[in-house]
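Following: one structure in structure tokens, then a few remarks.
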Number of protein chains: 2
Amino acid sequence: MVASDIRERMKLLAAKEIIHLGGGLPDPDIFPYAAVAAASDRIWSNPTLARTALQYSPSEGHGPLRAWIADYMTGIGAPCGVENILITSGSQQGLDFVAKLLLSPVDRAMVEIPSFIGALRAFDAYEPNYVGLAGGDPTGVKFCYAGPDFRNPTGTTMSLAEREDLLDMADASGMAILEDGCYERLRYDGQPIQSLLALACARHGSIEDVPVLYTGTFSKTIAPSLRIGWIAGPAAVIRKLVLIKQASDLATSALNQMLLLDVVQHHLADSTATACAAYRGRRDSMLEALAEHMPAGVRWTRPEGGLYVWVELPKHLDATRLTQRALAEHGVSAIAGAAFYPRGIPAERNTMRLSFSMIPSEPARQGVARLGALASEMLSSPQR
Amino acid sequence: MVASDIRERMKLLAAKEIIHLGGGLPDPDIFPYAAVAAASDRIWSNPTLARTALQYSPSEGHGPLRAWIADYMTGIGAPCGVENILITSGSQQGLDFVAKLLLSPVDRAMVEIPSFIGALRAFDAYEPNYVGLAGGDPTGVKFCYAGPDFRNPTGTTMSLAEREDLLDMADASGMAILEDGCYERLRYDGQPIQSLLALACARHGSIEDVPVLYTGTFSKTIAPSLRIGWIAGPAAVIRKLVLIKQASDLATSALNQMLLLDVVQHHLADSTATACAAYRGRRDSMLEALAEHMPAGVRWTRPEGGLYVWVELPKHLDATRLTQRALAEHGVSAIAGAAFYPRGIPAERNTMRLSFSMIPSEPARQGVARLGALASEMLSSPQR
């Protein structure tokens with residue numbers, strides 16, 4: 001399994017000598033430890049809060065956190081109330097639940113190609129046939145999965161016009177849009193563009209009438225292991241998703257929701273700024289290193305945010321072979337692009353994803369230099 | 001939806017004047033707050049632990065917790081290693097994952113009747129046809145779901161002979177057994193009986209050869225909102241379930257797994273003893289109150305553990321009507337038994353579930369007295 005290959009590689013994190021440009025884990029140096037510890041103290045020193053923290057939470061989520069997220073979503077242009085928010089265990093669970101709600105075997109699901117592997121594996125469980133977003137026919141499509149901002153794996157951003165076109169397509173065809181907002185706050189430069197959900201709210205006048213379900217998370221701006229994400233959408237759909245939540249794992253941890261709420265109330269802006277500052281510098285270094293070390297014929301994206309750069313090697317160079325040799329012979333991990341193509345759609349074999357999230361600029365530069373040297377060697381070798 | 005009816009009633013917990021014999025939430029008075037707070041301090045005061053706690057955990061679970069649970073399972077007669085354990089977000093997620101792995105639409109799933117409503121809703125998502133365990137034909141059945149100890153909703157326990165018979169049936173038919181071990185440690189009297197998993201390990205010589213998948217949880221012995229459960233079974237099946245975990249919500253919170261591990265290492269025996277002492281007294285009071293207040297013709301189970309008593313009213317008395325009137329007119333909540341019957345199988349309309357978990361003995365006695373008086377009134381009335 002491709003997904004398990006990636007997880008296996010992520011286990012290599014334990015091996016310190018590897019230069020990790022593969023996995024896209026957030027950098028633990030930027031997690032707000034003191035804020036989480038203080039939030040924790042506030043809970044355990046207050047018997048009423050402590051009781052709530054250890055008892056089952058409602059399936060739809062801890063009320064005060066839902067209210068905070070509703071306000072947050074309203075603040076980014078998607079006016080909504082608590083009834084429009086379901087708390088999930090990370091945004092991954094939101095992707096799974098929407099697929100569970102909307103997909104039956106051989107239903108058509110539209111995805112960007114390449115696409116986030118976690119989303120593809122979530123959808124795969126419900127056995128859809130995949131259609132590519134670019135030029136794809138929306139007829140009979142149940143939903144289109146899209147990551148408009150700096151998406152995994154390409155780092156690219158949908159323009160406002162592309163967003164409006166996608167909304168037009170949804171309105172005309174009746175398909176839903178599953179928007180992955182997980183990187184939205186990790187913008188390092190350029191102008192923010194409104195989310196598909198916000199644009200749809202403006203277009204339809206109310207969140208109750210939009211075809212968009214938005215998944216969000218605090219895994220990138222606060223820390224992943226609180227496992228708090230959310231789905232925002234029309235209340236009628238949220239009510240169905242609450243039943244799915246209940247049948248899947250009853251509820252998300254009340255403790256984690258309370259910790260997260262305390263931290264975001266006081267520290268979301270700071271924590272997001274810290275993450276953006278750290279990742280912006282690493283992105284810049286990686287782009288510089290690519291320009292310096294990659295041979296002619298190699299192209300890459302220049303992301304305005306997020307954690308990833310997508311590299312296109314010359315057509316005849318096999319990225320799977322290159323990444324295998326890079327790890328085995330040069331101690332550099334990267335993910336061959338083939339992993340990010342949906343089942344049934346041929347992969348571009350000459351692509352790979354690099355992440356700048358996990359390691360400081362200097363070793364990352366060295367990693368890119370080694371990848372560049374290996375690419376040059378393979379390009380000049382008769383056995384590529 | 002019946003499941004949401006129950007959740008709605010659980011929301012009535014907020015209304016203090018109701019005597020709650022309906023929902024089966026654990027009593028928050030018995031949660032080990034000081035132990036969780038101390039575990040929390042140990043994590044936040046140690047930078048290495050803190051980093052692990054906030055970063056993604058492996059999908060299969062936090063290694064030290066898996067190892068502890070493997071030892072625990074070995075200690076209760078099911079020798080296994082870390083490769084036989086998957087950490088889940090409560091045992092509910094284990095039920096969902098096993099159904100997701102084994103069931104396709106119109107597959108046959110065998111269940112005890114009546115059965116735990118959370119399990120039925122988890123299975124429903126995969127659209128099986130249900131077969132009752134008692135006298136049911138195992139031909140083509142994908143798995144049999146069984147709660148051998150004081151199961152929800154009846155409080156009854158499978159005898160050793162019944163367990164061996166079920167294992168015989170699995171061995172002969174090729175079906176799997178999904179064992180729900182969630183109440184196993186809440187035994188108040190009588191002799192413990194080995195789990196289906198332990199008996200199967202003894203029978204087959206190794207956990208790798210058993211047809212049993214066991215789901216466990218700390219929600220009843222420690223606290224529910226850490227949301228930590230596990231599945232134990234053959235390593236080959238656990239590997240498939242890890243991929244399902246990864247696609248469903250990536251991983252369970254590392255923080256919660258570390259908190260739980262710290263607490264169980266030091267306090268599981270104490271915490272279990274506290275729970276058993278509290279619930280034993282409440283069970284005894286409820287059984288006394290039933291004997292004192294129920295009219296002739298009403299029967300009930302006498303559970304050796306767990307949280308529930310199952311009441312059978314005279315055949316012609318409708319428990320749905322009785323529980324509705326009890327709540328509206330007498331401020332007592334109870335759950336009509338019809339909720340616990342699987343889709344497609346006719347419900348016994350004269351049954352209801354009482355829980356003794358949430359409230360002290362005296363108000364519970366009063367609640368039973370009101371239910372008894374109402375049952376007497378309805379029995380003597382021309383409109384039942």
Side-chain angles (χ1 to χ4, degrees), chain A residues 1 3-4 7 10-11 25-26 28-29 31-34 36-37 40-41 43-45 47 50-59 88-90 92-93 96 100 104-105 118 121-125 219 222-227 239 242-244 246-256 259, chain B residues 1 3-4 7 10-11 25-26 28-29 31-34 36-37 40-41 43-45 47 50-59 88-90 92-93 96 100 104-105 118 121-125 219 222-227 239 242-244 246-256 259:
Chain A
M1 296 286 294
S4 59
R7 292 302 292 197
M10 284 165 75
K11 287 184 192 163
L25 296 187
D29 281 349
F31 298 160
Y33 297 103
V36 182
S40 184
D41 279 348
I43 290 169
W44 302 125
S45 62
R51 286 170 73 94
T52 304
L54 289 187
Q55 185 58 285
Y56 286 109
S57 155
S59 295
T88 55
S89 296
Q92 178 72 28
Q93 191 174 53
D96 177 54
K100 196 169 186 174
S104 297
R121 290 303 89 81
F123 306 158
D124 283 353
S219 293
I222 302 292
S225 224
L226 296 174
R227 307 303 303 123
R239 284 194 294 273
V242 169
L243 296 179
I244 289 178
Q246 192 178 323
S248 296
D249 65 0
L250 285 181
T252 292
S253 165
L255 170 61
N256 293 228
L259 287 173
Chain B
M1 297 285 295
S4 60
R7 295 300 291 194
M10 286 164 75
K11 287 183 191 164
L25 296 188
D29 282 349
F31 298 160
Y33 298 102
V36 182
S40 186
D41 278 349
I43 291 169
W44 301 125
S45 62
R51 286 170 74 93
T52 305
L54 289 188
Q55 185 58 285
Y56 285 109
S57 154
S59 295
T88 54
S89 296
Q92 179 71 28
Q93 192 175 50
D96 178 54
K100 197 169 186 175
S104 296
R121 289 303 89 80
F123 306 158
D124 282 352
S219 293
I222 303 293
S225 223
L226 295 174
R227 306 303 303 126
R239 284 194 294 273
V242 169
L243 296 179
I244 289 177
Q246 193 178 323
S248 297
D249 65 0
L250 285 180
T252 293
S253 166
L255 169 61
N256 293 229
L259 288 172

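Numbered from 1 within each chain, the chains take letters A, B, ... in sequence-line order.
- To the nearest 0.5 Å, atoms OG (A:S40) and CD1 (B:I43) are separated by 8.5 Å.
- Put simply, of A:G118, A:A37, A:S248, the one with the most heavy-atom pairs under 4.5 Å next to chain B is A:S248.
- With a 4.5 angstrom heavy-atom cutoff, B:A254 touches chain A via backbone and side-chain atoms both.
- The part of B:L259 that comes within reach of chain A is its side chain, from C-beta onward, which places non-hydrogen atoms under 4.5 angstrom from that chain.
- Interface check for chain B: of the options A:S253, A:G90, A:A223, the most heavy-atom pairs under 4.5 Å are formed by A:S253.
- Under a 3.5 Å cut-off, the side chain of B:Q55 and the backbone N or O of A:S225 do not form any donor-acceptor pair.
- Of the listed residues A:T88, A:D96, A:V36, the one with more heavy-atom pairs under 4.5 angstrom with chain B than any other is A:D96.
- Contact count against chain A (heavy-atom pairs under 4.5 Å) is highest for B:A53 among B:S45, B:S104, B:P47, B:A53.
- The line from CZ of A:R227 to OG of B:S57 is 9.0 Å long, rounded to the nearest 0.5 Å.
- Ranked by heavy-atom pairs shorter than 4.5 Å toward chain B, the options A:I222, A:D249, A:L54 are led by A:L54.
- With a 4.5 Å cut-off on side-chain heavy atoms, A:N256 and B:N256 count as touching.
- The side-chain heavy atoms of A:D29 and B:R51, taken from C-beta on, include a pair separated by under 4.5 Å.
- A:Q246 and B:Q92 get closest at one heavy-atom pair: O-NE2, 3.9 Å.
- With a threshold of 4.5 angstrom between heavy atoms, A:T252 approaches chain B through N, CA, C or O but not through any side-chain atom.
- Between A:R121 and B:L243 there is no side-chain heavy-atom pair separated by less than 4.5 Å.
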